[in-house]
Amino acid sequence: YSSPTKPTGNKVISHLLMMEPTPVCAMPDPTTPDSDIKTLMTLCDLLNRELLVVIGWAKHIPGFSALSLVDQMALLQSGWMEALILVVVSRSLSFTEELVFAGNFRLDRAQCRAAGLQDLYTALKHLISKYQQMHLSPEEVVTLKAMVLANSDSGSVENPEAIQQFQDVLHEALQDFETGRHPGDPHRTGKLLMTLPLLRQTANRAVDTFCRLQLEGRVPMHKLFLEMLEAKM
Amino acid sequence: KEKHKILHRLLQNSSSPVDL
């Protein structure tokens, strides 16, 4: 995951890059002894704070705040996990074995298996490996992150035309960027858009995993995270 | 909306529209 070195040539993407939030750190409870439950607690707490960041960040996507409040809610309720997955994916791109949930919180296959996250590990590794092969750039990460909200296929939107326009702006930005950055690969925009089904499938896997953890009642979850999980049930 | 009150509150707070 290289840092952007050249000007993007596209103002929407430059704006998205500028608005990228500071990475969130894991805050394991120092009074709890290390265990699989502690791993899950740390993860759920981290994702709850990351979710808060995603909601704040969404307001800075060009066009998002112009949507009605009802439609902003609908897009976030549908697309929040895909956005979170992209955050984890982008952090994990330069790692071969570990999922990098935060700079100070990385989990390998064995740790995931022990915590009951084996399916999620496998699904995430599959997605990460796809993006590693494509050498996904930071510009593409931020644009895809905005796109997953715009393209979240919520069934309860008030103004589909406004959402279509919101999608079109992001699509045009990505196309414009790829034309300048990858002139030798005219299909790169399409290739990126074709990763969205796998991204959604991975996010659904993650939602299932956290719903199961919630039902098992072994891990306390924050209210915001629960509220957003319930919106997906 | 009542059901999703935290998200509703977060979005209502200091929305700054971006116009490029």
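Residue numbers start from 1 in every chain, and the chains themselves are labelled A, B, ... in the order their sequence lines are given, proteins ahead of strands.
The 12-atom threshold is exceeded at CD of A/Q164, counting heavy atoms of other residues, nucleotides or ligands nearer than 6.0 Å. The local environment of CD in A/E172 is sparse, with at most 12 non-hydrogen atoms from other residues, nucleotides or ligands closer than 6.0 Å.
Contacts between A/L76 and chain B at a heavy-atom distance below 4.5 Å involve the side chain alone, from C-beta outward. Only the side chain of A/M228 comes within less than 4.5 Å of a heavy atom in chain B; its backbone stays farther off. Only the side chain of A/L52 comes within contact range of chain B, with at least one heavy atom under 4.5 Å from a heavy atom of that chain.
Once rounded to the nearest 0.5 Å, the distance linking NZ of A/K223 with NZ of B/K5 reads 7.0 Å. Here the CD1 atom belonging to B/I6 is positioned 4.5 Å from the CD atom belonging to A/E227, to the nearest 0.5 angstrom. Atom CE of residue A/M73 and atom CG of residue B/L11 lie 7.0 Å apart, to the nearest 0.5 angstrom. Rounding to the nearest 0.5 Å gives a distance of 4.5 Å between CG of A/L69 and NE2 of B/H8.
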